[in-house]
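Below is one structure, written out as structure tokens; the observations come after it.
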Amino acid sequence: MIDQRRNSAHKFELDEGIESTLTINVISTFLLAQLVLPKLNETGRAQATDTHLDFVCSMIHIFAKTKQLCDAKSGDILRTLSDPAQVDMANRYLLSKLLVILGSRDLAAKTTASAKDVVVSCVDPGWCKTALFRHEDLGIEGRFALRIMGGTGEEGSRTLVHASSADKMPHSKYLSECQVKPESQFVRSEVGQHVQERVANELRKALEQIQLARKGRLGL
């Protein structure tokens, strides 16, 4: 299960040269996925069973503003989103969840041929009353809504367990309330597919650079 944390108070910071929410929620997430995927594939084949790579996503990706994704020049999406002169931190957490969905869909497509025993899913645990909101002031309305509609951490965890343990789980699907549901209209659109490819290409290059730097530090 791959999860991410929320950047505190929507504060703009750079981490490894990239805006920190993207570094934590997106790049680090797919770096971990890249590292565990070979072992998941090996285990699935050895045990003659499916293994699961589940990304924690959210329905709030539906509300992410996508203009910067669409307008950024080729190869410049991450750089554009990390430009302090252009950054929209109010939209950043939502956008990071959208990027995770786009990246996971591409990863699922790429692993279909090379890792047939690995089922890749995006899982929405729902709005949960957890420490995730310890740095967030949701306002009176938001706090009231969370109290009334938010589930417990245990309730949210059921969706994660379902994604990893249910028999015959479909590959490359978005799951919410223990059901397969459609992603946002943008994700499923032709424009969204084009942005997905561009995002995936940038992620692959970023991960390659990280791996090369790691090997350099280890003297490999």
Side-chain angles (χ1 to χ4, degrees), residues 1-8 21 24-26 28-37 39-44 46-64 92-109 111-112 115-139 141-188:
M1 189 68 60
I2 299 181
D3 197 1
Q4 314 87 28
R5 68 178 173 87
R6 186 186 293 249
N7 191 29
S8 300
T21 308
I24 295 166
N25 286 9
V26 184
S28 296
T29 293
F30 286 96
L31 175 61
L32 179 57
Q34 183 184 75
L35 293 173
V36 303
L37 191 57
K39 186 61 179 178
L40 289 173
N41 189 26
E42 176 187 333
T43 300
Q47 301 297 324
T49 187
D50 289 341
T51 54
H52 297 263
L53 180 60
D54 300 326
F55 293 86
V56 179
C57 302
S58 173
M59 60 82 66
I60 64 172
H61 79 277
I62 295 172
F63 305 108
R92 184 47 47 92
Y93 183 69
L94 284 65
L95 191 62
S96 73
K97 290 299 185 180
L98 173 60
L99 291 174
V100 169
I101 287 183
L102 295 177
S104 67
R105 283 167 58 92
D106 181 81
L107 179 63
T111 58
T112 299
K116 295 180 180 179
D117 300 312
V118 181
V119 178
V120 179
S121 304
C122 258
V123 187
D124 172 20
W127 207 17
C128 298
K129 293 174 281 191
T130 68
L132 179 68
F133 296 101
R134 64 190 180 277
H135 298 303
E136 298 292 327
D137 181 5
L138 301 175
E141 293 181 353
R143 291 193 295 271
F144 179 76
L146 179 61
R147 183 175 181 180
I148 298 300
M149 297 186 294
T152 65
E154 188 276 333
E155 289 170 335
S157 70
R158 296 172 191 170
T159 63
L160 310 181
V161 173
H162 165 257
S164 298
S165 61
D167 293 335
K168 303 299 181 182
M169 182 60 64
H171 186 58
S172 186
K173 297 298 182 181
Y174 172 71
L175 305 171
S176 179
E177 300 175 304
C178 297
Q179 300 178 52
V180 175
K181 295 192 175 182
E183 301 91 341
S184 70
Q185 184 175 351
F186 174 81
V187 171
R188 293 177 282 122

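Just so we're clear, the structure is a prediction, and the values are computed from it rather than from any experiment. Along the sequence shown, residues carry numbers from 1.
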Would you please name every residue forming a side chain to side chain contact (heavy atoms under 4.5 Å, CB included) with K39, sequence neighbours left out?
-> E42, T43
May I ask you to test the F55-V120 pair for a side-chain heavy-atom distance under 4.5 Å?
-> yes
Residues two or more places apart in sequence or in another chain: which of them pass side chain to side chain contact (heavy atoms under 4.5 Å, CB included) with L35?
-> L31, Q211
Got a sec, which residues hit side chain to side chain donor-acceptor pair (under 3.5 Å) with T51, two or more places apart in sequence or on another chain?
-> none
Which value, rounded to the nearest 0.5 Å, describes the distance between K181 atom NZ and S176 atom OG?
-> 4.5 Å
Backbone of V161 reached by a side-chain donor or acceptor of S164 within 3.5 Å | no
To the nearest 0.5 Å, tell me how far T159 OG1 sits from L175 CG.
-> 8.5 Å
Report the distance from atom NZ of K173 to atom OG of S121, rounding to the nearest 0.5 Å.
-> 10.0 Å
Heavy-atom side-chain contact between H61 and Y174 under 4.5 Å | yes
Atom CD of Q179 with >12 non-hydrogen neighbours under 6.0 angstrom | yes
Between the OG1 atom in T21 and the CG atom in L94, the distance rounded to the nearest 0.5 Å is 11.0 Å
Looking at OG1 of T111 and NE2 of H171, how far apart are the two atoms once the value is rounded to the nearest 0.5 Å?
-> 4.0 Å
Can you list the steps and then say if E183 with R105 is a side-chain contact (heavy atoms from CB on, under 4.5 Å)?
-> CA-CA 11 Å; E183 301 91 341; R105 283 167 58 92; 3.0 Å; yes
Can you tell me how far CG of L102 sits from CZ of F186, rounded to the nearest 0.5 angstrom?
-> 6.5 Å
Minimum side-chain heavy-atom gap L160-D54 below 4.5 Å | no
